[in-house]
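Structure first, commentary second.
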Amino acid sequence: MPELPEVEIIKQNLSKKIKYKKIQEVIITNRNLRFKIPPKFDLLLKNKVIGKVTRFSKYLILNFSDKSFCLIHLGMSGTIHLIKKNNLNQFTNTSFYNSPILPIKHNHVEIKFKDLKIIYNDPRRFGFFKYIKNEKELLSKFSHLGPEPLSKKFNLKYLLKYFLSKKKNIKSFLIDQKFVSGIGNIYANEILFLSKINPNKYAMKLSKKDCRRIIFFSKVVLLNAIKKGGSSIRDFKSISGKRGSYQKEFNVYLRQDLNCIKKKCPGIIKKIFISNRSTFFCNVCQK
DNA sequence: AAGAGGCCCTGATAGC
DNA sequence: TGCTATCAGGGCCTCT
C-alpha cells in the first residue's frame, strides 16, 4: 500500500526526528521479513549516526555518516512508529504514519536513540531491512528500476521508445517498476482516469497525446498526494495520529458501480482485474 | 525477450 | 457461533 507519496511522507517525518542522531541499540523482535534479517544486523547498525533520511521510489534509505546505509522497504503493510521518551524516562507512544495505536504483534525491528525509538511493524512481512556497505552497493539495488515519475527522465521520448511494440496493457506498465518506479495500484488507477485512457489499452497503441497526459498526470497525482500527506485506507479505527487525506480525492479507486465523477459523463465506474490487480475505470470517458 | 501467471503473507470481511 | 473462501497488492519468480 505505501506507494511513492506515502514513503515520501514517512521520509519527511522521520528525517525531522532522527537526523544527526546516534543509534544506541537495535532490537530485532522478529527476523522474518521478505528477506530474513541476518544475525549480526543489530551490531552493524549500533553506534551509527544518521546523516540524513532519503527516498528512492518506494524505498526508504537511512544514510549513515560513515557512508553506509540501511535500505528499508515497507512492502504492503509496513508501518513505522515513533516512541518518545518523556521526562520520567519512559517511552510514550505516538504514531507516525497510519496507525496511532502501537501494535505489538508483528513488530520486527526497534531502533533506539537517546530520546526516542522507532519501531517497524509489518503484519504481512513483504517489507525488508537491509544493511548496505557503500554507495556502489546501494545503486546496484536500484539498477533494475525505471525512472521515478517525478524525474525529468520520465519524459515523452522515454515513453514513446519504451512502448514501441509493447503488446500489453498500459495499466500493467504503470505498476511495473522496471518501466517507472514508485507508482502502485492505487495511483495507477487515478492517473489513467485523469489521462482518460482505458487501462486495457495496449501501450503500443497510445498516441503522443496519451503519453503526454500520462506523464503530466503522474506528476500531478503524486505531487498532490504528497501534499495531502498520502492516502490512508483500510485504517478506519484511527482516532489520532498522522493520516493522509488523499483517499478523499479518489476518482475511481474503490468507487465501482458509482457514477463517474465528471459532471457531464454518463459513465459508471467499473471494477475489473488486470494481472490480478483490481482495476477501476470509467466505462465512458476512458478510451 | 516479452508476457502471462503464480506465490509469498496476514487480517478483514463475506457467506453459509 | 465457527468455519471456509476471498480479497488486499509490491515484488519476485518461473514457464512458455
Side-chain angles (χ1 to χ4, degrees), chain A residues 1-8 10 29-37 55-61 71-80 97-99 101-109 120-130 140-146 148-149 161-192 199-206 222 225 230-238 244 246-247 250 252-257 270-281:
Chain A
M1 197 172 65
E3 303 182 31
L4 189 152
E6 289 74 32
V7 181
E8 174 65 23
I10 293 169
T29 48
N30 185 344
R31 293 184 188 275
N32 296 320
L33 287 174
R34 174 138 53 101
F35 309 118
K36 199 156 191 153
I37 300 174
R55 175 194 62 74
F56 181 79
S57 181
K58 302 173 191 174
Y59 297 80
L60 195 62
I61 308 156
L71 185 62
I72 301 168
H73 197 290
L74 304 173
M76 283 192 22
S77 56
T79 48
I80 292 177
Y97 184 71
N98 255 355
S99 164
I101 300 151
L102 171 65
I104 294 169
K105 203 178 174 185
H106 306 305
N107 280 0
H108 287 81
V109 182
Y120 179 75
N121 180 279
D122 190 354
R124 291 164 79 176
R125 315 207 296 238
F126 284 169
F128 68 79
F129 272 64
K130 216 160 203 166
S140 78
K141 298 288 174 200
F142 301 143
S143 61
H144 64 292
L145 297 175
E148 287 204 293
K161 194 181 172 194
Y162 198 95
F163 289 157
L164 214 67
S165 76
K166 286 285 193 295
K167 286 188 182 178
K168 201 167 70 167
N169 62 78
I170 178 60
K171 166 78 190 306
S172 298
F173 283 111
L174 282 184
I175 58 174
D176 181 350
Q177 309 300 299
K178 286 196 295 294
F179 165 61
V180 59
S181 59
I183 298 174
N185 196 42
I186 294 171
Y187 294 116
N189 281 300
E190 297 298 319
I191 290 164
L192 286 176
N200 271 317
K201 192 168 180 178
Y202 269 10
M204 64 186 285
K205 301 260 183 185
L206 293 172
L222 296 180
S231 305
S232 305
I233 51 166
R234 277 179 263 285
D235 184 28
F236 304 116
K237 287 171 191 166
S238 289
Y246 192 75
Q247 68 279 7
F250 288 165
V252 288
Y253 190 73
L254 299 180
R255 291 195 69 252
Q256 66 268 33
D257 306 327
K270 297 288 176 189
K271 180 182 180 182
I272 58 170
F273 285 91
I274 294 181
S275 41
N276 271 330
R277 296 285 184 264
S278 55
T279 302
F280 303 85
F281 70 103

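All figures in this text were calculated on a predicted structure; none of them were measured in a lab. Heavy-atom basis, side chains included; hydrogens, waters and symmetry copies ignored. Protein chains get the first letters and strands the later ones, always in sequence-line order, with residue 1 at the start of each.
Of the candidate nucleotides B/dG3, B/dG11, B/dT10, B/dT10 has the atom nearest to the side chain of A/Arg124. The side chain of A/His73 lies closest to C/dG10 when the candidates are B/dG3, C/dG10, B/dG11. Of the candidate nucleotides B/dG3, C/dG11, C/dC7, C/dG11 has the atom nearest to the side chain of A/Arg34. Distances were taken from every side-chain heavy atom of A/Ser278 (C-beta onward) to each of C/dA8, B/dG3, B/dG11; the shortest belongs to C/dA8. Picking from C/dG10, C/dG11, B/dT10 the nucleotide with the shortest atom distance to the side chain of A/Pro123 gives B/dT10. In this structure, of B/dG3, C/dG11, B/dT10, it is C/dG11 that holds the atom nearest to the side chain of A/Arg277. For A/Phe273, taking side-chain heavy atoms from C-beta onward, the closest of the listed nucleotides C/dA8, B/dG11, C/dG10 is C/dA8. Closest approach to the A/Lys271 side chain among C/dC12, C/dC7, B/dG11 is made by C/dC7 (side chain taken as heavy atoms from C-beta onward). Closest approach to the A/Lys168 side chain among B/dG11, B/dA4, C/dA8 is made by B/dA4 (side chain taken as heavy atoms from C-beta onward). Of the candidate nucleotides B/dC9, C/dG10, B/dG11, B/dG11 has the atom nearest to the side chain of A/His106.
A side-chain contact (heavy atoms from CB on, under 4.5 Å) with A/Asn200 is found for one member of A/Ile274, A/Leu192, A/Thr279 and no other, namely A/Ile274. The only member of A/Leu71, A/Ile72, A/Ile37 that meets side-chain contact (heavy atoms from CB on, under 4.5 Å) when paired with A/Phe128 is A/Leu71.
A close approach under 4.0 Å does not occur between any side-chain nitrogen or oxygen of A/His144 and OP1 or OP2 of C/dG11.
Two residues, A/Asn276 and A/Lys166, neighbour DNA chain B, and the one matched to the more 5' nucleotide by heavy-atom proximity is A/Lys166.
Residue A/Ser172 is classed as having no contact, given no heavy-atom separation below 4.0 Å to the nucleic acid. If you check every strand for non-hydrogen atoms under 4.0 Å, A/Lys178 touches nothing.
Comparing the end axes of the helix from B/dA2-C/dT16 to B/dC16-C/dG2, each fitted to five base pairs by superposing C1' atoms of four pairs onto the next four, gives an inter-axis angle of 50° (nearest 10 degrees).
At a cut-off of 3.5 Å, with distance as the only test, a side-chain donor of A/Asn185 or A/Lys171 sits close to an acceptor on the other residue.
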